[in-house]
Amino acid sequence: MMTGIKTEFTQMMGVDYPIIGAPMFLISYEELVTAVATAGGLGALPLPNFRTAEDLKKTLQNIRMKTDKPIGVNIHVSGKFQWKEQLALCLDFGVKFFITSLGDPRLILNDVHANGGKVFADVVSLEQGLKARERGVDGLIAVAAGAGGHAGRSSTMVLVPYLKSKVGLPVIAAGGISTGAQMAAAMALGACAVVVGTRLVATDESRAIPPYKKAIVAAGPDDIVCTDRITGNPANWLSKSIKDFKKMPELGSKKWKELWSAGQSVAQAEDIRPAGQVIAEMVEEYLNTCRKLGQSVTGL
Ligand SMILES: Cc1cc2nc3c(=O)[nH]c(=O)nc-3n(C[C@H](O)[C@H](O)[C@H](O)COP(=O)(O)O)c2cc1C
C-alpha cells in the first residue's frame with residue numbers, strides 16, 4: 001500500500017504528502033510543477049512568470065495533459081498584473097490552491113471559494129497573520145528567516161508555533177525546510193504542510209540556468225545574505241551573485257537572471273537531481289524520523 005501522510009492540508013487539498021513545491025519566479029514552470037505533483041506533493045506556479053494570459057493558458061494546458069493532480073499558484077493581486085484574467089484561467093483549469101503575497105486577498109476570496117479552492121497568505125509576522133485572518137483567508141504560510149525569496153526575521157522554530165497559537169488558522173511552514181527531518185520538526189511545531197523552495201532550484205526540472213543550480217549545491221548557509229536593496233523587501237540571495245549590485249543597481253532590471261535568490265537550506269542541497277527524488281526522500285526520511293522519535297520514548 002502506498003504511504004500517505006494525513007494532515008489538515010493533505011485532506012483539504014487531496015494530495016498524498018504535505019509538501020508544496022514553492023512557486024519561484026523564473027524557476028517554477030510546468031516541468032517542476034508536474035514533477036512535484038506526480039510525486040504526491042503540490043506543485044505551484046508564480047503567475048508573474050507569465051507575461052500574457054496566452055502563455056499561462058499554454059502552461060496550464062501542458063500541465064493538465066500530464067497530470068490531473070491538484071496544483072497551486074502564487075497570484076499577485078496588484079495593479080501590475082492582469083490578475084483577473086489569470087484568476088479566471090486558473091479556476092477554469094481547476095487550480096484549487098492560491099497563495100497571495102502582495103495585495104488584498106479579499107479580491108479573490110469569493111471566486112476561489114465558489115470554485116472549491118483555498119487561499120493562503122504569505123506572512124512574516126503576527127501583525128500580518130492577524131490582518132490576513134481578518135480578511136478571511138483560509139490559512140497562513142509562515143515565511144521565516146532564512147527562506148529563499150522574500151523572508152521574515154523570525155526563525156521557523158519560533159514563527160510557526162507563534163502564528164499557530166495566536167492566529168488559530170492552519171499554518172504552513174516555509175524557510176529552511178528540504179529534508180524529512182526538517183519537515184518532521186515543522187509538523188511537530190504545528191504546521192500542516194511545508195514549502196520547499198531553495199532545494200528545488202537545484203533539480204533537473206527547475207528552469208534555473210546550470211551555474212545557478214551548481215552555485216546552490218556549492219554554497220553553505222554563510223554564503224546567503226539578506227538584503228532589501230534589490231526588491232525593496234528583505235530577501236535572501238547567494239552573496240556572490242549580488243556582490244556588484246550595490247555599485248550597479250541597474251543590474252536589477254537588466255540582468256534579473258543573474259541575481260540568484262536562495263535560502264539557508266543550500267546547506268542540505270548536495271546535488272542536482274530530479275525533483276520527484278527530493279520529494280520521495282523527504283517522505284521516507286520523515287517517516288523514519290517519526291518512527292525513531294517514537295522509539296526513543298521510554299517508560300510509557
Ligand atoms: C529563486 C526563488 C524565487 C522565489 N520566487 C517566489 C515567487 O515568485 N512567489 C512567491 O510567492 N514566493 C517565491 N519564493 C519563495 C518561496 O515561495 C518559498 O517561500 C521559499 O523558497 C521557502 O523557503 P526555502 O527557500 O528555504 O525552501 C521564491 C524563492 C526562491 C528561492
Side-chain angles (χ1 to χ4, degrees), residues 19-29 32-33 36 41-50 56 72-78 80-81 83 86 97-103 105 119-124 128 132 140-152 154-157 159-160 171-179 182-183 185-186 191 193-203 206-209 212-213 215-217 219-221 223-226 230-231 233-238 241-242 256-269 275 278-279 282:
I19 302 174
I20 298 166
M24 292 182 282
F25 186 54
L26 304 181
I27 307 288
S28 314
Y29 290 84
L32 189 55
V33 169
V36 172
L42 186 132
L45 292 168
L47 296 187
N49 273 357
F50 304 98
L56 173 61
V73 297
N74 163 227
I75 188 162
H76 284 223
V77 206
S78 71
K80 272 201 199 157
F81 298 96
W83 64 267
Q86 289 186 332
F97 187 64
F98 291 79
I99 302 169
T100 56
S101 37
L102 295 172
V119 178
F120 276 57
D122 273 347
V123 301
V124 298
Q128 290 184 1
L140 306 176
I141 301 189
V143 186
H150 292 137
S154 303
S155 70
T156 303
M157 277 291 192
L159 190 62
V160 171
V171 174
I172 294 172
I177 301 163
S178 67
T179 69
Q182 289 165 334
M183 177 171 150
V194 299
V195 179
V196 182
T198 298
R199 179 63 188 90
L200 293 176
V201 178
T203 56
S206 114
R207 289 237 187 134
I209 54 174
Y212 184 1
K213 295 184 188 182
I216 292 220
V217 171
D223 298 314
I224 303 302
V225 288
C226 188
I230 292 168
T231 66
N233 289 309
N236 282 309
W237 306 89
L238 280 165
S241 80
I242 62 158
W256 189 249
K257 285 206 158 177
E258 288 171 30
L259 295 166
W260 297 340
S261 179
Q264 292 170 355
S265 61
V266 290
Q268 276 77 40
V278 173
I279 306 293
M282 278 183 79

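Order of appearance sets the numbers: ligands from 1, and atoms from 1 within every ligand. Both backbone and side-chain heavy atoms feed into the values below; hydrogens, waters and symmetry mates do not.
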What is the distance from atom [atom1] of [X] to atom [atom2] of [Y], rounded to the nearest 0.5 Å?
| X | Y | atom1 | atom2 | answer |
| --- | --- | --- | --- | --- |
| T100 | I141 | OG1 | CD1 | 8.5 Å |
| L259 | T231 | CG | OG1 | 10.5 Å |
| D223 | N236 | CG | CG | 12.0 Å |
| L140 | I99 | CG | CD1 | 12.0 Å |
| L56 | L45 | CG | CG | 7.5 Å |

Of the backbone atoms (N, CA, C, O) and the side-chain heavy atoms from C-beta on, which set of [X] has a member under 4.0 Å from an atom of ligand 1: side chain, backbone, both, or neither?
| X | result |
| --- | --- |
| W237 | neither |
| S261 | both |
| A147 | both |
| T198 | both |

What protein heavy atom is closest to [atom], reported as residue, atom name and distance in Å?
| atom | result |
| --- | --- |
| atom 4 (C) of ligand 1 | M24 CA, 3.5 Å |
| atom 16 (C) of ligand 1 | A22 CB, 3.6 Å |
| atom 9 (N) of ligand 1 | N74 OD1, 2.8 Å |

Can you list the atoms of ligand 1 that are under 4.0 Å from a heavy atom of [X]?
| X | value |
| --- | --- |
| Y212 | 1 (C) |
| D122 | 11 (O) |
| V196 | 27 (O) |
| P46 | 8 (O) |
| S265 | 26 (O) |

Q: Tell me, please, which residues at least two apart from F98 pass ring-ring contact (aromatic ring centres under 6.0 Å, His included).
A: none
(Q) Heavy atoms only: which of G176, G263, G197, A208 lies closest to atom 26 (O) of ligand 1? (A)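 Comparing heavy atoms across G176, G263, G197, A208, the nearest one to atom 26 (O) of ligand 1 lies in G176.
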Q) Can you tell which of S28, G175, S206, A44 gets a heavy atom nearest to atom 23 (O) of ligand 1? A) G175
Do side-chain atoms of [X] reach the backbone of [Y] as a donor and acceptor pair under 3.5 angstrom?
| X | Y | value |
| --- | --- | --- |
| S261 | W237 | no |
| S154 | L159 | no |
| N49 | S28 | yes |

Q.
Please confirm whether P48 approaches ligand 1 to less than 4.0 Å, judged on its heavy atoms.
A. no
Q. Quick one: does S178 get within less than 4.0 Å of ligand 1, heavy atoms only?
A.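 So S178 does not count as touching ligand 1.
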Q) Can you tell if the side chain of I216 reaches within under 4.5 Å of the side chain of W260, non-hydrogen atoms only? A)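 They are not in side-chain contact.
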Q) Do I230 and I242 have side chains that get closer than 4.5 Å, going by heavy atoms? A) yes
Contact check: [X] vs ligand 1, nitrogen or oxygen atoms, below 3.5 angstrom:
| X | answer |
| --- | --- |
| A174 | no |
| H76 | no |
| G148 | yes |
| F25 | yes |
| P23 | yes |
| I99 | no |

Q.
Under 3.5 Å, is there a donor on one side chain and an acceptor on the other for T179 and Q182?
A. yes
Q | Test side-chain hydrogen bond (donor to acceptor under 3.5 Å, both in side chains) applied to N74 - qualifying residues, sequence neighbours left out | A | H76, S101
